[in-house]
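Everything below concerns the one structure shown next.
In this text the structure is predicted, and so the values were computed from the model without any measurement. Computed over heavy atoms, backbone and side chain alike; hydrogens, waters and symmetry mates excluded.
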Amino acid sequence: MSKDKKSGGKTAADPSAKDTHYANLRRAHRDAKRERGEIPTPQPQKRKRGAEDWKPPALAPDQVYLYGLHTVRAALDNPERKKIKLSVTQNALARLEIDIEPLGIPFEIVAPHEIDKVLGPEAIHQGVMLETRPLPVRRLEGLKDSPLLLVLDQVTDPHNVGAIMRSAVAFNAGAVITTQRHSPTESGVLAKSASGALELIPYIQITNLADALGELHKLGFVTIGLDSEGPAPLEGTFSGDKLALVLGSEGKGLRQKTRETVTALARLDMPGAIKSLNVSNAAAIALYAARLYLKA
């Protein structure tokens with residue numbers, strides 16, 4: 001009997017094997033689009049059962065849980081990320097498409113509900129969770145050769161900050177700088193929203209924003225605060241060869257001290273009926289305009 005007709009295995013001629021192959025391709029394509037934000041992530045309706053009873057585990061200050069295929073893959077590829085343990089379902093391990101053994105980190109094959117116990121029933125973990133240490137602390141003086149920076153004045157929503165990180169990486173900014181208070185710390189939610197960008201750009205949290213802006217001025221940066229009531233359009237405010245764009249919180253915008261400290265205030269000129277944008281959208285537009293100026 002030929003191998004194709006043996007009952008124990010599937011071959012390329014086996015319709016079910018072919019269907020499984022194309023199903024995996026479609027799923028991978030869909031996951032990639034979802035990670036890039038091109039299609040929405042479905043609401044975790046099936047995971048809501050038990051959400052009210054779940055309590056997050058106590059984490060040590062140096063303990064971070066990352067989750068999601070793209071996020072974990074980026075973290076595993078980052079040599080600066082200290083990895084402690086990988087927990088992954090059999091299906092997710094195949095979809096990660098990496099060889100774990102050479103990484104030299106402990107890993108275990110688990111069921112999805114075991115990851116739910118740690119992350120909660122609402123987390124879209126895609127069957128993979130990585131315990132890590134926070135990334136190394138970066139200093140402002142290390143950014144002196146970066147022509148473009150992004151500064152956030154108490155932007156609190158980790159989803160917004162994650163989206164901003166993606167834009168910052170896309171436009172090759174040197175860092176995202178934010179305050180230690182009223183800003184998200186490094187976490188699974190932030191990393192998942194950044195979809196790998198957290199591993200690609202320094203995320204620097206400083207104690208005093210006004211002092212940090214003063215330090216950036218000494219390093220040669222022109223700091224421009226975005227304000228809907230700014231005196232001039234952003235594209236007419238650029239000067240110098242090193243820019244730091246400063247964006248305010250989702251509701252209140254820039255604080256008064258920040259307004260007084262930046263080199264200039266500017267607005268995004270919007271001719272339509274809506275005159276304000278979500279902070280992550282505003283960041284993307286401002287980064288694009290700044291990059292055009294710096295290339296000119």
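- Counting heavy atoms from C-beta on, the side chains of L245 and L148 come closer than 4.5 Å.
- Across all their heavy atoms, D157 and H159 have their closest contact at OD1-N, 2.8 Å.
- When each of T132, D77, V128 is paired with V72, the side-chain contact (heavy atoms from CB on, under 4.5 Å) condition holds for V128 and for no other.
- Counted by atom type alone, H182 and S249 present zero donor-acceptor pairs between their side chains at under 3.5 Å.
- The side-chain heavy atoms of R267 and L226, taken from C-beta on, include no pair separated by under 4.5 Å.
- In this structure, the side chain of R291 engages the main chain of N172 through a donor-acceptor pair within 3.5 Å.
- One distance of note links CD of E141 with CG of L216; it measures 10.5 Å at 0.5 Å rounding.
- Looking at heavy atoms from C-beta onward, L103 lies in side-chain contact with L76 at the 4.5 angstrom threshold.
- Closest non-hydrogen pair, P184 versus V161, comes out as CG-CG2, 3.6 Å.
- One distance of note links CG of L130 with OH of Y67; it measures 13.0 Å at 0.5 Å rounding.
- The backbone N or O of S195 sits less than 3.5 Å from a side-chain atom of H70, completing a donor-acceptor pair.
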* **Step-by-step side chain to side chain contact (heavy atoms under 4.5 Å, CB included) determination, T258 to V151** => CA-CA 11 Å; T258 305; V151 183; over 6 Å; no

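- Side-chain contact check for L254 versus L265: some heavy-atom pair is nearer than 4.5 Å.
- Between V176 and I201, some side-chain heavy-atom pair lies under the 4.5 Å cut-off.
- Between L287 and A173, the shortest heavy-atom distance links the atoms CD2-CB, 4.3 Å.
- In the model, S280 has a side-chain atom that pairs as donor or acceptor with a side-chain atom of N278 under 3.5 Å.
- Counting heavy atoms from C-beta outward, L149 and I177 have side chains that approach closer than 4.5 Å.
- The local environment of CD in E108 is crowded, with over 12 non-hydrogen atoms from other residues, nucleotides or ligands closer than 6.0 Å.
- With no hydrogens or angles considered, no side-chain donor-acceptor pair links S276 and S228 at under 3.5 Å.
- Of the possible donor and acceptor atoms, one in the side chain of T237 sits under 3.5 Å from a partner among the backbone N and O of P233.
- F171 and L198 fall within the same hydrophobic cluster, defined by Ile, Leu, Val, Met, Phe, Trp and Tyr side-chain heavy atoms under 4.5 Å apart, directly or through other members.
- Taking 4.5 Å as the limit, some side-chain heavy atom of L135 sits within range of a side-chain heavy atom of N78.
- Rounding to the nearest 0.5 angstrom, the gap separating the OG atom in S183 from the CG atom in D153 is 8.0 Å.
- The residue from K85, K83, Q63, K82 that alone fulfils the side chain to side chain donor-acceptor pair (under 3.5 Å) condition with E131 is Q63.
- With E199 contributing its side chain and G196 its backbone, the two residues share no donor-acceptor pair below 3.5 Å.
- Between the CZ atom in R73 and the CG atom in L66 there is a gap of 13.5 Å [rounded to 0.5 Å].
- Note on I98: it clusters hydrophobically with L93, by side-chain heavy-atom contacts below 4.5 Å among ILVMFWY residues.
- Distance check, rounded to the nearest 0.5 Å: CD1 of I285 to CD of E235 gives 10.5 Å.
- Although no hydrogens or angles enter the test, the distance criterion places no donor-acceptor pair under 3.5 Å between the side chain of D269 and the main chain of L234.
- Nearest heavy-atom pair, S87 versus I115, reported as atom, atom and distance to 0.1 Å: O-CD1, 3.9 Å.
- When hydrophobic clusters are built by joining Ile, Leu, Val, Met, Phe, Trp and Tyr residues whose side-chain heavy atoms come closer than 4.5 Å, directly or via intermediates, V279 is grouped together with Y288.
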* Please lay out, stage by stage, how Q126 and K192 fare under the test side chain to side chain contact (heavy atoms under 4.5 Å, CB included). => CA-CA 11 Å; Q126 299 175 295; K192 184 69 164 61; 4.1 Å; yes

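- Between L294 and P147, the shortest heavy-atom distance links the atoms CD1-O, 3.7 Å.
- Looking at E186 and R81, a side-chain N of the basic residue comes within less than 4.0 Å of a carboxylate O on the acidic one, giving a salt bridge.
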* To do: Evaluate side chain to side chain contact (heavy atoms under 4.5 Å, CB included) for F107 paired with E101, printing each intermediate quantity in order.
  => CA-CA 9 Å; F107 74 95; E101 296 287 356; 4.0 Å; yes

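- Residues V118 and M129 meet the side-chain proximity criterion, which asks for heavy atoms closer than 4.5 Å.
- L200 and L69 fall into different hydrophobic clusters, where Ile, Leu, Val, Met, Phe, Trp and Tyr residues are linked whenever their side-chain heavy atoms come under 4.5 Å apart, directly or through other members.
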* To do: Show your working on side chain to side chain contact (heavy atoms under 4.5 Å, CB included) between K242 and V222 and close with a plain yes or no.
  => CA-CA 6 Å; K242 292 200 292 186; V222 173; over 6 Å; no

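- By the 6.0 Å contact criterion, CZ on R133 is enclosed, its count of non-hydrogen atoms from other residues, nucleotides or ligands being greater than 12.
- Under the 4.5 Å side-chain contact rule for hydrophobic residues, L277 and V155 share a cluster.
- E80 has a carboxylate O that lies under 4.0 Å from a charged side-chain N of R138, or vice versa, which qualifies the two as a salt bridge.
- Minimum heavy-atom separation, S193 to P158: CB-O, 3.8 Å.
- The structure places NZ of K144 at 15.0 Å from NZ of K218, a figure rounded to the nearest 0.5 Å.
- The backbone N or O of T223 lies less than 3.5 Å from a partner atom in the side chain of T263, making a donor-acceptor pair.
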